[in-house]
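To start, the structure under review is shown below, and the notes come after it.
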Amino acid sequence: MKLLYFAWVRTRVGIGEETVDPPASVVDVASLLDWLRTRSPGHAEALKDPKLVRVAVNQEFAKPDRRLAAGDEVAIFPPVTGG
Amino acid sequence: MKLLYFAWVRTRVGIGEETVDPPASVVDVASLLDWLRTRSPGHAEALKDPKLVRVAVNQEFAKPDRRLAAGDEVAIFPPVTGG
Amino acid sequence: MIRVQREDFDVAAELAALSGGRTDIGGVVSFVGLVRDMAGGAAIGAMTLEHYPGMTEKQLAAIEAEALGRWPLAATLIIHRYGRLEPGERIVMVATASAHRDAAFDSCRFLIDWLKTKAPFWKLEDTDAGAHWVAADARDDQAAARWIEEKPSEHR
Amino acid sequence: MIRVQREDFDVAAELAALSGGRTDIGGVVSFVGLVRDMAGGAAIGAMTLEHYPGMTEKQLAAIEAEALGRWPLAATLIIHRYGRLEPGERIVMVATASAHRDAAFDSCRFLIDWLKTKAPFWKLEDTDAGAHWVAADARDDQAAARWIEEKPSEHR
């Protein structure tokens, strides 16, 4: 599973992207975030409040209950501020 | 008193402007229109329904009860259609 | 700024002049009105815009002043042409610049809505059914009335 | 049309391309967003726009498609820049062309309102108090929500 981080999520995690092989407990967006928080202090800091981040799965906005598959591209980022 | 006509008011009256010396009965916009209708068949046709025309006195929109003075510039025209 | 002219205008140059060199402008909204080749089902060959010189400028200046009083604007522009225009030609341009986009959108729409009902211009259309003076559109009156009944949306 | 690019764009050329040669367009509304030198009281030296390549284009295309479905539009345009931008520089341009001005105004505002909350861009501001990621503005959410709750105004 490919993970992408943007804006302050990226700077807090410390990397822009990584490829992970999550455990079986990761079935959806919410459980992915739970698991990611255990990977490093940076991940824990970036994702400590899931309400502060937005998630896209395969480049579409996704809710916490969105199911995940091994080949998905999952991006985690703050609310957008373009325009 | 200088009178100006625009758009179909102009084409029906047959002239774009004229200088008139109205009788004492003409005290406001409404009475000016009443008097003008007597000046020619073209005036009568153009002004037969006062609700269909708009009037400006000295380049400001004016209501029927707007008082008039001898030196006023009075323009009569259809509702505007620019933009 | 207001301008009433027979000649065409350069939208780019006008927009550049509006915001050029300034760094306090967050958004510029512009409306450009064009001559259409159809109106009410009749093909239009050309259009002639008549206006009331003197009153036109006064009315446009008053409309612009009203917008500047209602919204926090950095700049405003109204250009209106007169004379003979063919389909596809520009008739009018209004633009507003503000720190905030809601103010720019609202004020730009206000300018064109009020202009449509308050500026002394009249359109004579040459159609395949003959030349005729365009009738005022009640929807334009409704659009203008919006700005009397409603307060402008909160400034952003 | 949508474009995501680092380079600046030419508003005039873009508007000309939008309506050029067409005679069925009555009005073109455009919004151009610029970098301001002040934000929340802090002076901004520059701004860096990060985005999510791939998703950005998908989202902009979806927003444009939504506008085309809601209003009778002759043409639409969204251009958004990324990278480093200084105060006064253009960030974004959205424009819509329609036979009717209300459709052009509503759809142009819809495009920028939805873009602000749905397109994956993030602003990093360099201020005299240091660099910081701009926080999302609740007013942008409200502006976007308007287009969910309200039906577009009647087509003109």
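The chains referred to below are lettered A, B, ... by the order of the sequence lines, with proteins before strands, and numbering in each begins at 1.
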Mind ranking B/Pro78, B/Ala56, B/Ala75 by heavy-atom pairs under 4.5 Å with chain C and telling me who comes out on top?
-> B/Pro78
Considering all heavy atoms of both residues, which atom of C/Lys58 and which atom of B/Asn58 are nearest to each other, and what is their separation?
-> NZ-O, 3.6 Å
Which pair of heavy atoms, one from B/Val80 and one from C/Ala119, lies closest together, and at what distance?
-> CB-O, 3.2 Å
Looking at CZ of B/Phe6 and OH of C/Tyr52, how far apart are the two atoms once the value is rounded to the nearest 0.5 Å?
-> 5.5 Å
Euclidean distance, C/Met55 CE relative to B/Phe61 CZ, rounded to 0.5 Å | 4.0 Å
Which portion of B/Arg54 sits near chain C, non-hydrogen atoms under 4.5 angstrom =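 Neither part; nothing is under 4.5 Å.
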Winner by heavy-atom pair count (cut-off under 4.5 Å) against chain B, out of C/Gln59, C/Lys116, C/Arg81, C/His80 |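 Winner by heavy-atom pair count: C/Lys116.
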Closest-packed option against chain B by number of heavy-atom pairs under 4.5 Å, given C/Phe31, C/Trp133, C/Phe121 = C/Trp133
Under 4.5 Å heavy-atom distance to chain B, tell me which part of [X] shows up: side chain, backbone, both or neither.
X	result
C/Ile91	side chain
C/His51	backbone
C/Ala62	neither

Heavy-atom side-chain contact between C/Trp122 and B/Thr81 under 4.5 Å = yes
Should we say atom CG of B/Asp21 is surrounded by more than 12 heavy atoms from elsewhere, each under 6.0 Å from it?
-> no
